[in-house]
Amino acid sequence: MNVEQIMQLLNQKTNKNIDPHSLITGVTDDSRSVEEGYVFVAVRGYQVDGHDFIEEAIEKGASVVVTEEKVEHDGAVCLQTENCRKALGQIATAFYGNPSDDKIVIGVTGTNGKTTTSHMIKHLCEKNGYSCGMFGTIDYMVNDKVVPGIQTTPSAPLLQKLLFESKDDVVVMEVSSHGLAQYRLEGVKFDYAVFTNLYKDHLDYHDSMESYFEAKSKLFHMLKPGGKSVINTDDPWGEKLAQLLEGEGSSVCKVGHHLENEIILKDIDTDDFAACIHYGEEDRKVTSPLKGTHNVYNTLEAFAVGLQLGFSFSDMEKAMTSLPGIRGRFEIFEFENGPIVVIDYAHTADSIEHVLDTARQQGAASLTHVFGFRGDRDVSKRGEMIGASAIRADDYILTLDDLNTATFDEMVSTLEDLQKEYGDSSGRIIPDRTLAIEEAIVNSGAGDWVVITGKGHESYQQHYHYPVNSDKEMVEDMKRKLKSVKKDIMA
Ligand SMILES: CC(=O)N[C@H]1[C@@H](OP(=O)(O)OP(=O)(O)OC[C@H]2O[C@@H](n3ccc(=O)[nH]c3=O)[C@H](O)[C@@H]2O)O[C@H](CO)[C@@H](O)[C@@H]1O[C@H](C)C(=O)N[C@@H](C)C(=O)N[C@H](CCC(=O)O)C(=O)O
Ligand SMILES: Nc1ncnc2c1ncn2[C@@H]1O[C@H](COP(=O)(O)OP(=O)(O)OP(=O)(O)O)[C@@H](O)[C@H]1O
């Protein structure tokens, strides 16, 4: 790519005496990663303004800077545009040669279920002979290798680079509302776009559910010609989205109870989490490889994508039986003569409801729930999360999650206030997460369940009483300890 092509892309001219054919070597919005010959795009952020780093970027060798305000500099070609985040996506897409054109690209969006559904789609693709990359919350997988990432949806330059490097037949990506709102997906064209559900979350970022919905719905307007949406119409926002898209003449595969749907969900058997569905001319049974009615929906949407790709029901049913568990998604640990412990990534009221209901459906005699809230993150959902827990669990322990910029004392006092306002007598506060988990497990016996939510697969951000790095390490440590105590008693 050369300077002239960038100017054409942004519809810009320059009077400067430059060589329009001089080659661009990279594109970034971060002055710290600029190298000789790069395009630096100045993004106005929530913390700082990228325009303040133009000088630094040029010193490091940027040959083009793209800005939202008029900038003159002898050291680089300065191009002005209306929206730098959008321009960043456009330039990155062109720099890497529109890589989404060369493969089957599947985007999965919604408040909950993106990671789970994406893993299921990847598994179905692989069992049907396709290689499949995946970008999401847990990690990015490209050509069967793990690439570390910090965001569910990578920045536009990284996303386009990963697509370019991927030799996979299919790439399935989780699409976050932040990613859509910030144009990280600008230039990506999707073959299939999947909608799971929309619940109260991220309202610290989006002003209202309507604007959260609008951000999510952008994905369904980024389809390739002939592309198709897969939508859960049992979710009211999903139903609204399907109506909107059909009104625009877009092709939609609807999944849910409505009788006109392509995949009609007739019933869910909560003993084995199997859906009785009607598809084509036939009734069929689709069993979720993961527990929970929410996972039945994830399974059905993954099947719906598989059907669009031409996979047969019987192949998919067989494939699902070998789905490996997904880290931190209803991950089960059984204690010998002790409780069943579940680690789950639930961090909204609805997902807490689903996870606790699933534990009950599995026959939990007594149910203890351990959870907390992230510092700085959406505070509007916290009361409902406590309410959901108080109704369903026999007892709940409020504890710390990531503090982010909140202090320990601030978060403890927040927990106290929340408990007073929304909690009941079955709840208490144990700030140290490892001590809270220990307390829940030692006070539970055979047949009881302990559900720990919020962190899922993630590592701890701060240190706790026990020197472990995650809920999983803590639970496994407890398993070892309780086993050795039992051995000592028996000796
Ligand atoms: C809240 C949010 O979305 N923040 C994103 C936003 O950050 P920001 O606006 O605060 O950026 P900033 O720090 O002010 O910097 C502004 C610009 O100056 C540049 N800069 C900054 C410093 C410097 O020395 N030089 C320089 O050039 C930065 O590279 C940036 O382009 O723009 C940045 C650059 O595009 C993103 O990296 C950053 O994502 C941060 C890491 C993040 O954590 N985002 C989360 C909330 C997020 O996106 N989460 C969703 C998943 C949500 C979910 O479903 O759970 C995700 O897709 O991961
Ligand atoms: N279809 C669903 N409906 C409601 N809750 C769900 C659904 N699928 C999963 N969950 C709950 O949400 C949690 C997160 O699931 P998953 O990671 O698949 O979603 P996600 O959309 O990727 O979440 P995030 O955006 O936070 O990474 C699960 O651990 C489970 O508690």
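Both ligands and their constituent atoms are indexed starting at 1 by order of listing. When reading the values below, keep in mind they use all heavy atoms of this one structure, side chains included, and skip hydrogens, waters and symmetry mates. By convention here, the first residue in the shown sequence is residue 1. What you are looking at is a predicted structure, and each value in this text was computed from that prediction instead of being measured.
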TODO: Please could you name the atoms of ligand 2 that Asn298 approaches to less than 4.0 Å, counting only its heavy atoms?
DONE: 1 (N), 2 (C), 7 (C), 8 (N), 9 (C)
Task: Close approach of Arg184 to ligand 1, heavy atoms, under 4.0 angstrom - done: yes
Task: Polar side chain donor-acceptor pair, Asn261 to Thr233, under 3.5 angstrom - done: yes
TODO: Cation-pi check, Lys60 to Tyr38: give yes when NZ or CZ is under 6.0 Å from the six-membered ring centre and within 45° of the ring axis, no otherwise.
DONE: no
Task: Polar atom proximity, Gly113 to ligand 2 (N or O, under 3.5 Å) - done: yes
- [ ] Assess the side chains of Thr93 and Gln160: does a donor N or O sit below 3.5 Å from an acceptor N or O?
- [x] yes
Open item on the list: Only heavy atoms of Glu174, strictly under 4.0 Å: list the atoms of ligand 2 that pass.
Closed with: 22 (O)
Task: Atom indices of ligand 2, in the order listed, that fall short of 4.0 Å to a heavy atom of His347 - done: 26 (O)
Task: Shortest heavy-atom approach to atom 56 (C) of ligand 1 - which of Ile54, Thr152, Ile150, Thr115 - done: Thr152
Open item on the list: Nearest non-hydrogen contact with atom 13 (C) of ligand 2 belongs to which option: Ala346, Gly292, Gly454, Gly110?
Closed with: Ala346
Open item on the list: List ligand 2 atoms under 4.0 Å from Asn197, heavy atoms only on the residue side.
Closed with: 1 (N), 2 (C), 3 (N), 4 (C)
TODO: State, without any angle test, whether Lys70 and Gln80 hold a side-chain donor-acceptor pair at a distance under 3.5 Å.
DONE: no
TODO: Give yes or no for whether the N/O distance cutoff of 3.5 Å, strictly under, is met between Asp49 and ligand 1.
DONE: no
Task: Short N or O distance, Ser31 and ligand 1, threshold 3.5 Å exclusive - done: yes
TODO: With heavy atoms of Ser351 as the reference, note each atom of ligand 2 found under 4.0 Å away.
DONE: 5 (N), 11 (C), 12 (O), 31 (O)
Open item on the list: Using a 4.0 Å cut-off to any heavy atom of Gly50, which atoms of ligand 1 qualify?
Closed with: 18 (O)
- [ ] Using distance alone, decide if ligand 2 has a nitrogen or oxygen within less than 3.5 Å of any nitrogen or oxygen in Asp344.
- [x] yes
Open item on the list: Using heavy atoms and a 4.0 Å limit, tell me yes or no: is Asp350 in contact with ligand 2?
Closed with: yes
Task: Smallest separation among heavy atoms of Thr116 and Asn295, with atom names - done: CG2-OD1, 3.4 Å
TODO: Please confirm whether Asn295 comes within less than 3.5 Å of ligand 2 when only nitrogen or oxygen atoms on both sides are compared.
DONE: no
Task: Check: Asn232/Glu239 side-chain N/O donor and acceptor closer than 3.5 Å - done: no
- [ ] Say whether Ser351 and His294, considering side chains only, have a donor N or O and an acceptor N or O under 3.5 Å apart.
- [x] no
- [ ] Test the Lys218-Tyr183 pair against the cation-pi criterion, namely NZ or CZ under 6.0 angstrom from the six-membered ring centroid and within 45° of the ring axis.
- [x] yes
Open item on the list: Can you tell me which portion of Arg85 lies within the under-4.0 Å heavy-atom range of ligand 1? Options are side chain, backbone, both, or neither.
Closed with: side chain
- [ ] For ligand 1, note which part of Tyr46 has a heavy atom under 4.0 Å away: side chain, backbone, both or neither.
- [x] both
TODO: Anything under 30° is parallel, anything over 60° is perpendicular, the rest tilted; go ahead and classify Phe373 against Phe371.
DONE: perpendicular
- [ ] Could you name the option among Glu458, Arg327, His294 that has the heavy atom nearest to atom 10 (N) of ligand 2?
- [x] His294
Open item on the list: Does either side chain, that of Thr28 or that of Asp30, offer a donor lying less than 3.5 Å from an acceptor on the other one?
Closed with: no
Task: Interfacing atoms of ligand 2 (cut-off 4.0 Å, heavy-atom, Val355) - done: 31 (O)
Task: Lys291 and Thr358: side chain donor to acceptor below 3.5 Å - done: no
TODO: May I have all residue pairs that pass salt bridge (charged side-chain N to carboxylate O under 4.0 Å, His left out) and include part of residues 39-50, sequence neighbours excluded?
DONE: Arg44-Asp49, Arg44-Glu68, Arg44-Glu69
Open item on the list: Strictly below 4.0 Å, N to O, side chains only: are Asp235 and Lys240 in salt-bridge contact?
Closed with: no
TODO: Calculate, to the nearest 0.5 Å, the distance between atoms CZ and OG belonging to Arg327 and Ser470 respectively.
DONE: 9.5 Å
- [ ] Report, in ascending order of atom number, the atoms of ligand 2 lying under 4.0 Å from any heavy atom of His354.
- [x] 4 (C), 5 (N)
- [ ] Ignoring hydrogens, just give me the one of Lys114, His178, Arg32, Glu56 whose non-hydrogen atom is nearest atom 47 (C) of ligand 1.
- [x] His178
Task: Gly149, Ala156, Ser176, Gly45: member with heavy atom nearest to atom 57 (O) of ligand 1 - done: Ser176
Task: CZ/Phe213: more than 12 non-hydrogen atoms of other groups inside 6.0 Å - done: yes
Task: Gln151 N/O to ligand 1 N/O under 3.5 Å - done: yes
- [ ] Below 4.0 angstrom from a heavy atom of Phe40, which ligand 1 atoms are there? Numbered from 1 as shown, please.
- [x] 27 (O)
Open item on the list: Taking only non-hydrogen atoms of Asn232, do any sit less than 4.0 angstrom from ligand 2?
Closed with: no
Task: Any Thr196 heavy atom less than 4.0 Å from ligand 2 - done: no
- [ ] Quick one: sort the Phe311 and Tyr130 rings into parallel, tilted or perpendicular, breaks at 30° and 60°.
- [x] tilted
Open item on the list: Out of all atoms in ligand 2, which are within 4.0 Å of some heavy atom of Thr137? Include the element for each.
Closed with: 27 (O)
Task: Asp376, Asp30, Val48, Asp29: member with heavy atom nearest to atom 16 (C) of ligand 1 - done: Val48
